[in-house]
Amino acid sequence: MVMGLSVMFVCIVCCLFTGLFMMLSEKRGLDREKCSPYECGFEPIGSARSPFSIRFFLVAVLFVVFDVEVVLLMPFAYMFFYGKSVLGILSSSGFLLILFVGLYHEYREGSLEWVG
C-alpha cells in the first residue's frame with residue numbers, strides 16, 4: 001500500500017516538473033536576429049551550402065568504418081591471449097578475412113588514393 005502511494009507520488013511530481021519545464025522553455029517573441037542563421041553579429045559571407053570534396057567525405061567514412069572495426073577486434077585480442085578456443089580463432093579469422101577483402105576492394109576501386 002505504501003509502495004503504491006510512493007510510486008504514484010513520484011509520478012505526479014515528475015508530471016508536474018515536466019509541465020513546469022515545458023512552460024518555462026517555451027519560445028516567446030521572435031526577432032530578426034534570433035531567426036537569422038548567424039547570431040554572431042556579422043553578415044554571412046558566401047553561402048552555407050558550399051560544395052565539399054567527395055574524396056574527403058569518402059576518407060572520413062572509411063575512417064569511421066575503421067574505428068568500428070577496431071572496436072570489434074578488441075575482444076579478439078583478449079581471446080587470443082586468454083581464451084584460445086578453436087571456434088573463436090576461426091570466427092576472428094573469418095572476420096579479418098572479410099575486412100581484408102573489403103580493403104582490397106577499396107584499393108582496387110581507387111578510393112584510398114587521395115590524388116588521382
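Hydrophobic clustering (side-chain heavy atoms under 4.5 Å, transitive across Ile, Leu, Val, Met, Phe, Trp, Tyr) keeps V101 apart from V61. Both F17 and F9 are assigned to one and the same hydrophobic cluster, defined by single-linkage of ILVMFWY side chains at heavy-atom distances under 4.5 Å. Both V13 and L24 are part of a single hydrophobic cluster, where members link through side-chain heavy atoms under 4.5 Å apart. Placement of L5 and L16 within a single hydrophobic cluster is found when ILVMFWY residues are connected by side-chain heavy-atom separations under 4.5 Å, directly or transitively.
Considering only heavy atoms from C-beta on, M8 comes within 4.5 Å of I12 through its side chain. Here the side chains of E106 and E109 are in contact, with some heavy-atom distance below 4.5 Å.
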L96 and L99: CA distance, side-chain angles, deciding distance, side chain to side chain contact (heavy atoms under 4.5 Å, CB included) verdict: CA-CA 5 Å; L96 286 173; L99 290 181; 4.3 Å; yes
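Evaluation of the ring-ring contact (aromatic ring centres under 6.0 Å, His included) rule for Y107 yields no partner, not counting sequence neighbours.
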